[in-house]
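Comments concern the structure below.
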Amino acid sequence: NEEIPRLPGETRVTDKDVIYMCPFNGPVKGRVYITNYRLYLRSVETDPVVVLNVPLGVISRIEKMGGASSRGENSYGLDITCKDMRNLRFALKQEGHSRRDIFEVLTKHAFPQSHNLPFFAFANEEKFSENGWMVYNPMCEYRRQGLPNERWRVTFINEHYGLCDTYPSLLVVPYNATDDDLKKVAAFRSRNRIPVLSWIHPENQAVIMRCSQPLVGMSGKRNKDDERYLDIIREANGQISKLTIYDARPNVNAVANKATGGGYESEDAYPNAELFFLDIHNIHVMRESLKKLKDIVYPNVEESHWLSSLESTHWLEHIKLVLTGAIQVADKVSSGRSSVLVHCSDGWDRTAQLTSLAMLMLDSYYRTIEGFEVLVQKEWISFGHKFASRIGHGDKNHADADRSPIFLQYIDCVWQMSKQFPTAFEFNEQFLITILDHLYSCRFGTFLYNSESVREKEVSQATKTLSLWSLINSEKSKFTNPFYTKELNRALYPVASMRHLELWVNYYIRWNPRIRQQQPNPVEQRYMELLALRDDYMRRLEELQITNNSKIPNSSASSASPSQMMSHVQTHF
Amino acid sequence: MEFAELIKTSRVESVVLAGAGLPPARGTLCITSHHLLLSSRPGGAGAAATVELWLLIRNVDAVEKRLCGSSGTITLRCKDLRVLQLEIPGMEECLNVASSIEALSSVDSLMMMYPFFYRPQGLRLEDGWHLFPLERFFQCIAAQTNQWRLSAVNKDFSTCPTYPPALIVPAAVDDGALRKAARFRHGGRFPVLSYYHRKNGTVMLRSGQPLTGPNRKRCPEDELLLAAALAQAARGFVVDTRSLQAAKQARMGGGGTEPKSAYPRWKRLHRPLERGRPLQESFVRLVDACNDASLSMDRWLSRLESSRWLSHVKAALSTACLAAQCLEREEACVLVHGAEGTDTTLLVTALAQLILDPSCRTLAGFQGLLEREWIQAGHPFHVRCARSAYSHARLKQEAPLFLLFLDCVWQLGRQFPRSLEFGERLLLALFDSAYASSYGTFLGNNEKER
């Protein structure tokens, strides 16, 4: 029996001879191994060996291809659609029901949720030197921001998720709002997602608040508690006259939502607020956009009309709108002119994108590896972005309308920023791609389930699964950007014009061997070589210094040690 | 003709200069024979004035004037793609300034160009004129093989008016044969060596189209020349930068292609590359798209695509890769030509050398490449770069081949970030200089003129 890579806790289920219909290199004869975590293919008789290493979590759909009577070579087998911009096709020998068993095994293990089986994350027995569950502690993160203070307090009203079951247990609200006030406001906000603090500006004390849409409805309902609450928020930052509300939706959609009980804050009801629509479309539009993008890049890149094809997917356009919205939020807060309240419909998709991107622009802490992990844990995971529904972990219902690449879109925006500011982020491209890989893989518990309440209550995740951050933080050097220069408190405003946004070819077209750029990145490699050279020289200088000092017994040890000297000769970008 | 006659107003006070990216500046505008200067008011306590603008008038592509009451605004669109605005008090001054600039920028006589007048003080410059003699390039080849020689057949430019005086030709072919071969090629541009691939001894040649004409003329000297060039290589490829159809049609006008029967070991490949008017129009559409401030976000990519500029870049790079692969992988020789052999031909040979030869990627090597494959090879810079993307004038022979080459080099630098010794700034400086410069490097159309 041949050996295949296996994680501790990963067990083999079955294997089979197949022909992998590689869209780039043609049919490849090989053996496919299925474990409770992955699908692994190794080719036979080819040089070089072709390997496929696909976590089952990546699979969104398995279809039978061809029937008992199909003719044509390699027309009988399985067609596998994946969530990560590729598809896999395997041809099988058309004898008997050779396909049935592998189809059933794959279906069972790729869609454990639909078969009452646990995710691999619960069987995973890996050990890491770092514990990623310790990365995010809400109280520590708020304290880092100087909270609570005289204007903002921490409330435990949602400690048992009684106020809002999709919010985290710890919330920061204006000092002058009582827990009773909060209960009343919750009745007027979709899903009880009341306005709470995401971030506070360290100097001007303006804040980014997040929430969901007010339940205005067709009859134009008003709620004086909600209105008063927004006033309290506005007054918490003494200097400003109007609270700025950013509604992520297009104007027409926000109006249309009234028909289903939602809506937005009208001028009459909220005279001290100024509302802007950011024109970002809903999850269904994003899902379709990504589907179109996949069509033009996989398996073959649509060369003949590449640019207009790309344009017709509107993918970059949506990226632009999200980034533009976040820039507006960040700019408003940093100018100190106004605090900002962000919401969409439910406040867990576009809202999360906007708050976390704005925070990335304003706060250099979130641009470190640890800070970014905290940002994702906080604004996405703890604040109830419905990862389970959006990704469909282990669920066979591939056509579920709840699925949407909102988080991927966010990571794309982060990537765009990292291209425009190559020295501003402690993490590199590999970090972002790894996060996306494990968004689907189900190897870790980080992205499983829809909200903190489910994770804490029904599955005490921290003890039963591993955190993705354990993997990353145990190998930080692999994910570190060698050009990172720590610059405290510089606000970064990316240019969101279509002329400056690029398609993230290294992610969306990663499977196409023709598109792959020089690996590893030659400039990064060279920079790391130079850093290693510098370290080597520093060490030698230190050694020489020591031998020099020991030779002359009277020499004053007044000269700084080499490492101290070097810190004044910082290699900057 | 005196420059002074063309200048109606040489000095205007209180002009406001504005342009993309510049904060507006107010100062005194001066028009000299070759430059527009604007110096802002000196600061307090006798501080010196700042020169806000020092523009070569040759750089001006188009002049627009708009009069409004007692003042006027002149918009200058430059060949380097800058757009500047001058707000001039006084209608008459405005009109005078505009017509002076128009007249001065239309001066076409070579000897009147600024490089002939430029006398930089205190600058110690290398003697760039003699940095890259063809003799030195030839020495490297002569050290490897004796199949080639340096010929002085063109030393008085009588054999080919657009070639340089020194040419690298097969040792087995004498000057008399070269003269006859020259009569069989467009513009007298007979096949000469452009690059010797040290790794396997294959060569890349370039020329103009053969003048086979409708009667399928032949020229034994040209055939001898190409056979001698092949030497040990088993075969050669003719990379024709025209489409098959265009090449066939060229016969009616006296041109054509190398017939298989006469050149048995040469196989012809057609890789059409755009040049001339269509390329200039593509450039204009590209610049339009870039400048359109109103362009709504969802149209940028398709507008970029409809300019077709990037498809020209792609075609040029693919053709150069093809030529390079023929030499490196197929171990065959390559002859590149289009019709005239002065545009797309040079684009391909220069790019192919960048792909194949690491020494061309050093700063000095790249300069040598430009000298050999563009300047001395006779790319007609003067007519190609007379006008740029903004000009309203009726264009004659303008086409941005050199810019296309620079774009291709930039693409290479992006894909292989550690492989070029020079950066984007050099490419931008080259682009600017090709259209308007204080230096004479890109003046004229060929060595004979220079």
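The chains referred to below are lettered A, B, ... by the order of the sequence lines, with proteins before strands, and numbering in each begins at 1.
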Check each atom of B/Arg308 against the heavy atoms of chain A and say whether the ones under 4.5 Å are side chain, backbone, both or neither.
neither

Measure from the side-chain N and O atoms of A/Arg499 to the backbone N and O of B/Trp300, and report whether any donor-acceptor pair falls under 3.5 Å.
no

At what distance, to the nearest 0.5 angstrom, does CG of B/Leu301 lie from CH2 of A/Trp306?
9.5 Å

Quick one: OG on B/Ser311 to NE2 on A/His305, what's the gap to the nearest 0.5 Å?
9.5 Å

Would you find more than 12 non-hydrogen atoms of other residues, nucleotides or ligands less than 6.0 Å from A/His500 atom NE2?
no

Just checking B/Arg198: does its CZ atom have more than 12 heavy atoms from other residues, nucleotides or ligands closer to it than 6.0 angstrom?
no

Could you give the distance from CZ (B/Arg299) to CD (A/Glu311), rounded to the nearest 0.5 Å?
5.5 Å

